[in-house]
J.: 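Input: one structure, supplied below.
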Amino acid sequence: MTRSFLFVFLGALALCGQDRLPALKGEFLTGRAAALPDAAAGKVTLLVLGFSRDSQHATGPWVDRYKQDFGKVPQCTYFQVAMIPGAARMAKPFIESGMRKGVAKQDQENFMVVFGGVDPWKQLVHFQDPDTAYLIVLDRSGVIRWQHAGGFDQAGYAALSAQLRSIADRK
C-alpha cells in the first residue's frame, strides 16, 4: 500500500469522527519541529488551514475571534497552518521570514508551516477554493469532530463556538 493512498484512506476515515487526525508534520514559525495531532494532545483544538498566500485574509479573522473568545481557556488551543506546495521549498527561508514578520512573536508557536504533501489534505478538507479557510476541530484525543470551509461569518463562528464549548465541557 503506498503512503499517499494510506494517508488518503486514513483521512477519509477521520472525517467520520471515528479516527484521529492523520499525522501532519512541519515547523512552527519559531523554527521548532511541529507534529499534529501530537502537539494538541489533551486539548480541544481548532486547526485553521490555508492553501494560498491570499487565504490569510480568510484564516486571520477566524484565528483572531478564536483568540478573543477562547485564548484564555486552558483546555483549548489552536494552530494556524500554512499548507505550501513542495515546489516552493526552495523559497522556504524567504517564505518563513515573511510569515514571521506578519505573526506576533507570542503566536509563532501556534503557527505551523507545512511544505509539500498538500494534496491528501485538500481531499481531507474537501478543498474547493485556494483562498478560503478550512477549519477542523479536534477533541482531546485528536479525533475530528467538526469541519467548516469559508471566510469568517457569524453563523459559522456560532457553530464553531458551540462545538468548542461542547467538547471542552466534556470530561
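Sequential numbering from 1 along the given sequence is applied to the chain's residues.
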J.: Side chains of Leu49 and Trp121: does their closest heavy-atom pair fall under 4.5 Å?
T.: yes
J.: Spell out, as yes or no, whether a donor-acceptor pair under 3.5 Å connects the side chain of Lys43 to the backbone of Pro74.
T.: yes
J.: Looking only at non-hydrogen atoms, find the nearest pair between Pro130 and Ser55 and report the distance.
T.: O-CB, 3.6 Å
J.: Determine, stepwise, if the pair Val114 / Ile84 fulfils side chain to side chain contact (heavy atoms under 4.5 Å, CB included).
T.: CA-CA 6 Å; Val114 176; Ile84 302 172; over 6 Å; no
J.: What pairs with Lys67 under side-chain contact (heavy atoms from CB on, under 4.5 Å), at least two apart in sequence or on another chain?
T.: Val63, Asp64, Tyr78, Asp107
J.: At their closest point, which heavy atom of Met83 faces which heavy atom of Leu24, and how far apart are they?
T.: CE-CD1, 4.2 Å
J.: What pairs with Tyr157 under side-chain hydrogen bond (donor to acceptor under 3.5 Å, both in side chains), at least two apart in sequence or on another chain?
T.: Asp69
J.: Assess the residue pair Gln147 and Val125 against the criterion (side chain to side chain contact (heavy atoms under 4.5 Å, CB included)); give the C-alpha distance rounded to whole Å, side-chain angles, the decisive distance to 0.1 Å, and a yes or no.
T.: CA-CA 8 Å; Gln147 287 189 275; Val125 299; 4.0 Å; yes
J.: Please check: side-chain N/O of Arg140 versus main-chain N/O of Arg170, any donor-acceptor pairing under 3.5 Å?
T.: yes
J.: What pair of heavy atoms forms the shortest contact from Leu138 to Gly142, and how long is it?
T.: CD2-O, 3.7 Å
J.: Name all residues meeting the side-chain contact (heavy atoms from CB on, under 4.5 Å) criterion together with Gln154; count only those two or more places apart in sequence or in a different chain, and write none if there are none.
T.: Arg65, Phe152
J.: Applying side chain to side chain contact (heavy atoms under 4.5 Å, CB included) to Tyr66 and Cys76, what does each step give before you reach the verdict?
T.: CA-CA 10 Å; Tyr66 169 89; Cys76 294; 3.3 Å; yes
J.: Would you call Lys25 and Asp38 a salt bridge, using N to O less than 4.0 angstrom?
T.: no
J.: Listed by chain and number, what are the side-chain contact (heavy atoms from CB on, under 4.5 Å) partners of Glu109, not counting sequence neighbours?
T.: Phe28, Thr30, Arg32
J.: Restricting to side-chain contact (heavy atoms from CB on, under 4.5 Å), what partner residues turn up for Asp131, sequence neighbours left out?
T.: Ser52, Asp54, Asp129
J.: Does Phe51 offer a backbone N or O that forms a donor-acceptor pair with the side chain of Tyr134 under 3.5 Å?
T.: no
J.: What residues form a side-chain hydrogen bond (donor to acceptor under 3.5 Å, both in side chains) with Thr59, not counting sequence neighbours?
T.: Gln80
J.: Might you point out which heavy atoms bring Ala159 and Trp146 nearest each other, and give the distance in Å?
T.: CB-CZ2, 3.9 Å
J.: Would one find more than 12 heavy atoms of other residues, nucleotides or ligands at under 6.0 Å from atom CD of Gln128?
T.: no
J.: Which residue in the set Thr45, Val143, Leu124 passes side-chain contact (heavy atoms from CB on, under 4.5 Å) when paired with Leu21?
T.: Leu124
J.: Quick one: are Leu160 and Val137 in side-chain contact, heavy atoms under 4.5 Å?
T.: yes
J.: Taking it one step at a time, do Val44 and Asp139 satisfy side chain to side chain contact (heavy atoms under 4.5 Å, CB included)?
T.: CA-CA 5 Å; Val44 177; Asp139 67 14; 5.8 Å; no
J.: Would you name the heavy atoms of Pro22 and Pro37 that are closest together and state the gap between them?
T.: O-CD, 4.2 Å
